[in-house]
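These notes are about the structure you will find just below.
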Amino acid sequence: MSPSISLSLLHNLESSLSSNDFSLLSLLFLLSGALAIGFWAWRRSAEKKNSLPLPPGPAGLPLVGNLPFLDPELHTYFATLAMTYGPILKLQLGKKLGIVVTSPATAREVLKDNDVTFANRDVPIAGRVAFYGGSDIVWNSYGPEWRMFRKVCGLKMLSNHALDSVYELRRREVRRTVGYFLLQAGSPVNVGEQMFLTVLNVITSMLWGGTAQGEEKESLGADFRQAVSSLTKLLGKPNISDFYPSLARFDLQGIERQMKGLAKRFDGIFQKMIEQRLKMQRENGSESLDGGEENKDFLQFLLNLKDEEDAQTQLTTTGLKALLMDMLVGGTDSSSNTIEFAMAEIINKPKVLQNIQQELETVVGRGNVVEESHIPKLPYLQAVMKESLRLHPPVPLLIPHCPSATCTVGGYTVPKGSRVFINVWAIHRDPLIWRDPLEFDPERFLHSEGNYNEHNFNYFPFGSGRRMCVGILMAERMVLYSLATLLHSFDWKLPKGEKMDLTEQFGIVMKKKKPLMAVPSPRFSNSRLYE
Ligand code: HEM
């Protein structure tokens with residue numbers, strides 16, 4: 001068709017359209033618009049129908065959801081719910097959606113298959129207050145700062161190399177504890193309390209060994225024990241302010257207020273340590289601190305890093321303090337509670353105690369003191385530690401993870417921002433995985449795999465994936481060396497008339513409900529073995 005013909009056709013068409021024709025056209029437009037909207041709505045609802053549902057879970061009440069029914073012993077409560085609702089379930093916690101994962105397969109989906117998506121935390125208000133706004137390793141979002149912090153701690157404080165270089169500190173503190181138990185021989189001692197102080201002294205020596213000395217160090221120890229234990233208790237408490245952000249300013253349970261008080265105490269100590277160190281630096285010159293054996297500690301390393309112009313992510317004083325907090329809080333309770341539970345299980349099973357002591361006599365001998373170098377030759381003792389971590393994982397729900405995007409787990413939708421609890425405690429006691437799961441039987445780890453690797457979702461007391469515990473090497477050394485020394489040097493029994501009570505008490509770090517009081521009696525007459 002020539003352009004002149006088509007133009008004239010158009011012209012004819014235009015002139016032949018009456019006003020009636022115009023209303024017909026508008027009607028057609030309206031109809032096609034309505035059809036398009038209808039089609040879009042149909043697609044949306046089809047998509048919704050196709051998208052997977054939320055996990056099942058117990059019915060809650062309007063507004064409060066399942067909050068009124070939460071049992072303070074969250075690990076056992078969640079395990080009971082899982083028996084009804086399966087390996088992934090949901091709980092409405094006020095405005096927040098809680099997801100509980102209770103099987104190796106679903107744990108793998110969270111911690112391995114969707115590792116990056118779940119490598120974030122849902123920071124509770126208590127965590128934000130205590131850990132400098134959550135700018136530490138435990139609560140930081142997955143990103144460059146978190147990566148840098150983990151690398152710094154992993155390499156400079158918690159690697160095998162770094163730990164080897166401070167063996168003397170561990171040895172000194174453990175020997176000191178042996179001396180204390182010798183003095184108390186024949187009387188009941190609070191095992192957990194003493195081991196907390198031992199671990200704490202090791203960690204604070206590693207952090208700022210060259211700064212605090214003598215009496216000051218002792219009083220710091222007493223101060224910290226109470227503060228760390230209150231802090232982990234507050235962190236584990238469900239907080240209404242977290243579940244109803246609009247109520248947060250009222251702090252109805254007073255958790256924020258109490259945490260602020262504790263945080264101030266910790267900050268005061270950190271500030272004092274930093275100021276003393278800077279003063280020493282000014283008085284003695286920085287060379288003496290870098291080179292001096294006594295001052296080669298983590299604080300000095302962090303202060304040096306802070307001054308580095310070209311550090312990839314600049315370390316601030318706040319970041320520095322947040323890291324000190326992580327090491328103190330992450331490393332103390334978890335390790336000393338492990339030692340306490342293991343000692344309780346061992347005392348409760350004389351055959352296990354006998355096996356350990358036999359192994360120690362073969363490897364260490366009756367005339368020598370246990371050294372850390374003996375540990376790799378003590379497979380039975382290692383199995384005892386693993387079995388204790390199976391039955392009593394100190395962090396029973398891991399530290400809650402939080403997906404940065406909506407994703408699918410176990411065939412259900414897990415929305416972005418949910419608080420995801422992984423019940424490692426329940427997985428460790430699952431009769432489908434473990435023979436006689438409630439029995440303390442170290443033999444099961446003598447012949448089977450008990451490695452903390454990313455493939456093992458039957459057993460992961462330290463978590464798995466990117467947010468896995470950064471202190472595993474330190475924890476293993478502290479727990480094994482302490483157990484070996486206590487059991488080589490002493491026989492242990494309960495005070496007369498007492499029965500062993502192994503009840504656990506939930507907290508972000510789980511502890512023994514009733515502290516272990518046990519009576520040590522020295523096994524050797526050679527006093528040199530108790531120095
Ligand atoms: C027996 C002792 C210990 C146990 C059972 C333990 C267990 C755990 C668990 C389960 C997690 C959480 C993993 C997750 O959320 O997926 C964790 C995280 C962490 N642990 Fe440990 N831990 C122990 C000792 C230590 C020690 C000695 C330190 C340091 C001195 C430490 C520092 C940390 C830190 C900083 C995190 C946070 C990691 C992150 O979010 O990236 N822990 N630990």
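Counting starts at 1 for both ligands and their atoms, following the listed order. Excluded from the calculations below are hydrogen atoms, water molecules and symmetry mates; all remaining heavy atoms, backbone and side chain alike, are included.
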Residues T102 and N423: side-chain donor-acceptor under 3.5 angstrom: no
Atom indices of ligand 1, in the order listed, that fall short of 4.0 Å to a heavy atom of P394: 5 (C)
Proximity winner for atom 17 (C) of ligand 1, if only heavy atoms of C469, P400, S336, S334 are counted: C469
Nearest heavy atoms of A426 and A79, plus distance in Å: CB-CB, 3.9 Å
Mode of R121 contact toward ligand 1 - side chain, backbone, both, neither (heavy atoms, under 4.0 Å): side chain
A344: side chain to side chain contact (heavy atoms under 4.5 Å, CB included) partners, not counting sequence neighbours: M500, L502, K512, L516
R172 to Y167, cation-pi by 6.0 Å centre distance and 45° axis angle: no
4.0 Å heavy-atom contact, W146 with ligand 1: yes
Identity and distance of the protein heavy atom lying nearest atom 2 (C) of ligand 1: A475 CB, 3.5 Å
Contact atoms of ligand 1, heavy-atom distance to I137 under 4.0 Å: 38 (C), 39 (C), 40 (O), 41 (O)
Candidates D122, N120, I399 - the one meeting side chain to side chain contact (heavy atoms under 4.5 Å, CB included) with W139: I399
Contact atoms of ligand 1, heavy-atom distance to G471 under 4.0 Å: 26 (C), 27 (C), 28 (C), 31 (C)
Cation-pi geometry met for R390 and W434 (6.0 Å, 45°): yes
M478 touching ligand 1 at heavy-atom level, < 4.0 angstrom: no
I399, V470, L473, V202: member with heavy atom nearest to atom 12 (C) of ligand 1: I399
Proximal ligand 1 atoms for G330, defined as those under 4.0 Å from one of its heavy atoms: 24 (C), 25 (C), 26 (C), 28 (C), 31 (C), 42 (N)
Option with minimal heavy-atom separation from atom 16 (O) of ligand 1, where the choices are E476, M468, H401: H401
Enumerated ligand 1 atoms positioned under 4.0 Å from heavy atoms of R150: 38 (C), 39 (C), 41 (O)
